[in-house]
Undergrad: 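Sharing a structure below in structure tokens format, with a few things to ask.
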Amino acid sequence: MSILSRLALVAGMTAMLSSTALAAGLTVGFSQIGSESGWRAAETSVTKMEAEKRGIDLKFADAQQKQENQIKAIRGFIAQGVDAILVAPVVATGWDAVLGEAKDAKIPVILLDRGVDAAEDLYLTSVASDQVEEGRVAGRFLVDSVKDKDCKVVELQGTVGSTPAINRKKGFEEAIAGKANISIVRSQTGDFTRAKGKEVMEGFIKAESGGKDICAVYAHNDDMAVGAIQAIKDAGLKPGSDILVVSIDAVPDIFSAMAAGEANATVELTPNMAGPAFDALEAYLKDGKAPEKFIITESKLYTPADNPQGEYEARKGLGY
């Protein structure tokens, strides 16, 4: 190994060790929405693993899908004097006051996987996918799949008022705009849960000639899609063929459904938002330079052509 190569290796190791040493001294609060879906459970699991790997003391609070619980938890973190706060906000509005309190306490806040309708100076950065693009990717898949065939779509929306529900709907509608043969005939929230997705899909099926008039179901997450798949089967129809199933998240169970021919596409939302968040936080604490305001993850499409059984095996141990 040349002297230059050795010096580069030493410099890299020194930087890595100094970053780890910096991280090891941190206490970070994490206000999680809850555990409404498999993806959410994986995000929690991966965040805890990332914190442990870096030597960060992570204070975890489960909001059980209630904003008031998140606000209470954030105020608790502020009172404890944590070094930073991670928040996966349950809804987009109503954050100005508590984020302002964190700012006054000089505690940087990082948003994970969802945005807020608040001034950008109230948080350090936001690590998320492009949720509008997720919807576009799902919509483009359906457009390409049905071509000129008439296609009535039923939509399972996420939690009312949440940024994923708003943006995934917007992107999907943009993708099918101008396609006169494709229309959303029914749309209702399934609250991102499997049970609610099944219940709402049962209602859609009853309202649309026992499901015979439904071409496709577009679900804002995989858990609702899995619930919808069960409702379709209960109605004596074949998910994946009689009714196309398109959703977002790329959790293990949707790959199992895909391998069984019961789902047609999913758009990946990586559960590792914490890795980029901790990287940004450590860099900020080291040199005081603010990171990019929005750190965007990839929105990758998966179909039955992408080895769904292999994807299931690769993901099943991530805490989903």
Undergrad: Tell me whether Lys59 forms a cation-pi arrangement with Phe77, defined as NZ or CZ under 6.0 Å from the six-membered ring centre and within 45 degrees of its axis.
TA: no
Undergrad: Under 4.5 Å between side-chain heavy atoms, counting indirect links through other Ile/Leu/Val/Met/Phe/Trp/Tyr residues: same cluster for Phe30 and Val46 or not?
TA: no
Undergrad: For residues Leu86 and Phe278, determine if any side-chain heavy atom of one lies less than 4.5 Å from a side-chain heavy atom of the other.
TA: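 The answer is yes, as the side chains (C-beta and beyond) meet within the 4.5 Å cut-off.
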Undergrad: For the residue pair Ala250 and Glu268, what are the closest heavy atoms and their distance?
TA: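 Heavy atoms of Ala250 and Glu268 come nearest at CB-CA, 3.6 Å.
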Undergrad: Does atom CD of Glu313 have more than 12 heavy-atom neighbours, drawn from other residues, nucleotides or ligands, at distances under 6.0 Å?
TA: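 Yes, CD of Glu313 has more than 12 neighbouring heavy atoms, counting only those of other groups under 6.0 Å.
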Undergrad: Please report the C-alpha distance between Glu208 and Lys212 in whole Å, then the side-chain angles of each, then the deciding distance to 0.1 Å, and finally whether the salt bridge (Lys or Arg N to Asp or Glu O under 4.0 Å) criterion is met.
TA: CA-CA 7 Å; Glu208 296 293 331; Lys212 294 178 182 178; over 6 Å; no
Undergrad: Does Ala259 have any side-chain contact (heavy atoms from CB on, under 4.5 Å) partners at least two apart in sequence or in another chain, and if so, which?
TA: Pro308, Gln309
Undergrad: If hydrophobic clusters are built by linking Ile, Leu, Val, Met, Phe, Trp and Tyr wherever their side-chain heavy atoms come under 4.5 Å apart, do Tyr302 and Val137 end up in the same one?
TA: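 Each belongs to a different hydrophobic cluster.
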Undergrad: Could you check if a side-chain atom of Ile184 sits within less than 4.5 angstrom of a side-chain atom of Glu173, using non-hydrogen atoms only?
TA: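 They are in contact (side-chain heavy atoms under 4.5 Å apart), so the answer is yes.
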Undergrad: Quick one, Val146 and Ile182 - any side-chain contact, counting heavy atoms below 4.5 Å?
TA: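 Sidechains of Ile182 and Val146: in contact.
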Undergrad: Looking at Glu282 and Lys286, is there a salt bridge between them, counting it only when a charged N and a carboxylate O are closer than 4.0 Å?
TA: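 So Lys286 does not pair with Glu282 through a salt bridge.
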Undergrad: Only counting residues at least two apart or in another chain, list the ones meeting side-chain hydrogen bond (donor to acceptor under 3.5 Å, both in side chains) with Gln188.
TA: none
Undergrad: Between Glu202 and Lys206, does at least one N-O distance fall below 4.0 Å, as a salt bridge requires?
TA: no
Undergrad: Between the side chains of Asp279 and Arg54, is the shortest nitrogen-to-carboxylate-oxygen separation below 4.0 Å, so that they form an ion pair?
TA: yes
Undergrad: Count the heavy atoms of every other residue, nucleotide or ligand shown that sit under 6.0 Å from CG of Asp148, and state whether that count exceeds 12.
TA: no
Undergrad: Ser209 side chain to Gly211 main-chain N or O, any donor-acceptor pair under 3.5 Å?
TA: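 No, the answer is negative, given that no donor and acceptor are paired below the 3.5 Å cut-off.
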Undergrad: Give the minimum heavy-atom separation between Gly94 and Ile71, together with the two atoms involved.
TA: O-CD1, 4.0 Å
Undergrad: If only atom types and distance count, is the side chain of Ser145 paired as donor or acceptor with the main-chain N or O of Phe141 below 3.5 Å?
TA: yes
Undergrad: Near Phe60 CZ, under 6.0 Å, is it more than 12 heavy atoms from other residues, nucleotides or ligands?
TA: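 Atom CZ in Phe60 is crowded, with more than 12 foreign heavy atoms closer than 6.0 Å.
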Undergrad: I'd like to know if Tyr123 and Ile107 are part of one continuous hydrophobic network [Ile/Leu/Val/Met/Phe/Trp/Tyr, side-chain heavy atoms within less than 4.5 Å].
TA: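 Linked within one cluster.
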Undergrad: Evaluate the side-chain proximity of Ile229 to Glu262: yes if any heavy-atom separation is below 4.5 Å, no if none is.
TA: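 Touching, per the 4.5 Å side-chain cut-off.
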Undergrad: Would you say that Gln70 contacts Val90 through its side chain, given a criterion of any heavy-atom pair below 4.5 Å between the two side chains?
TA: yes
Undergrad: Say whether, by atom type as modelled, one donor and one acceptor occur between the side chain of Asp191 and the main chain of Thr159 under 3.5 angstrom.
TA: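 Side chain of Asp191 to backbone of Thr159: no pair is present.
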Undergrad: With a 4.5 Å heavy-atom cut-off, do Leu111 and Val116 have their side chains touching?
TA: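 Yes - at least one pair of side-chain heavy atoms lies under 4.5 Å apart.
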Undergrad: Give the intermediate values and the outcome of side-chain hydrogen bond (donor to acceptor under 3.5 Å, both in side chains) for residues Gln230 and Asp234.
TA: CA-CA 6 Å; Gln230 187 59 54; Asp234 290 348; 2.8 Å; yes
Undergrad: I'd like to know if the side chain of Ser183 reaches the main chain of Val185, judged simply by a donor and an acceptor atom lying under 3.5 Å from each other, with no hydrogens or angles considered.
TA: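 Absent.
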Undergrad: With distance as the sole test, does Lys106 use its side chain to make a donor-acceptor pair with the main-chain N or O of Lys103 at under 3.5 Å?
TA: no
Undergrad: Kindly indicate whether the side chain of Arg40, heavy atoms from C-beta on, has any atom under 4.5 Å from the side chain of Phe192.
TA: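 Of all side-chain heavy-atom pairs linking Phe192 with Arg40, none is under 4.5 Å.
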Undergrad: Closest heavy-atom contact between Val245 and Ala225?
TA: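 Looking at all heavy atoms of both residues, the shortest contact is CG1-CB, 4.0 Å.
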Undergrad: If you measure from the Lys or Arg side-chain nitrogens to the Asp or Glu carboxylate oxygens, is any gap between Lys170 and Glu133 under 4.0 Å?
TA: no
Undergrad: Please determine if Arg186 and Glu155 form a salt bridge, counting it only when a charged side-chain N lies under 4.0 Å from a carboxylate O.
TA: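 Salt bridge: no.
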Undergrad: Looking at Asp113, is its backbone amide N or carbonyl O close enough to the side chain of Gln131 to form a donor-acceptor pair, meaning the two atoms are under 3.5 Å apart?
TA: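 A pair under 3.5 Å: yes.
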Undergrad: Within a 6.0 Å radius of atom NZ on Lys238, are there more than 12 heavy atoms belonging to other residues, nucleotides or ligands?
TA: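 Atom NZ in Lys238 is not packed in, count stays at 12 or less.
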Undergrad: So, the side chain of Asp83 versus the backbone of Val28: is there a donor-acceptor pair under 3.5 Å, distance only?
TA: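 No, because the side chain of Asp83 does not come within donor-acceptor range (under 3.5 Å) of the backbone of Val28.
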Undergrad: Are there more than 12 heavy atoms of other residues, nucleotides or ligands under 6.0 Å from atom CD of Gln80?
TA: yes
Undergrad: Which atom pair, heavy atoms only, marks the closest approach of Ile176 to Gly139?
TA: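 For Ile176 versus Gly139, the nearest heavy atoms are CG2-O, 4.3 Å.
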Undergrad: For a side chain to side chain contact (heavy atoms under 4.5 Å, CB included) with Arg168, tell me which candidate from Val267, Thr163, Leu269, Val132 qualifies.
TA: Leu269
Undergrad: On the six-membered ring of Tyr218, is Arg136 placed so that its NZ or CZ lies under 6.0 angstrom from the centre and within 45° of the ring axis?
TA: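 Not flagged: Arg136 not positioned over aromatic ring of Tyr218.
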Undergrad: Whether the side chain of Asp306 engages the backbone of Thr303 through a donor-acceptor N/O pair (distance < 3.5 Å, no angle test) should be reported.
TA: yes
Undergrad: So do the side chains of Ile110 and Val87 get within less than 4.5 Å of each other, counting heavy atoms only?
TA: no
Undergrad: Which heavy atom of Ser31 sits nearest a heavy atom of Ile74, and at what distance?
TA: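 Where Ser31 meets Ile74 most closely, the heavy atoms are CB-CG1, 4.3 Å.
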Undergrad: Could you tell me which non-hydrogen atom of Ala231 sits nearest to which non-hydrogen atom of Ile205, and how far apart they are?
TA: O-CD1, 3.6 Å
Undergrad: Between Thr189 and Gln157, do the side chains contain an N or O donor and an N or O acceptor separated by less than 3.5 Å?
TA: no
Undergrad: Taking atom types as modelled, find out whether Asp222 and Ser247 have a side-chain donor-acceptor pair closer than 3.5 angstrom.
TA: yes
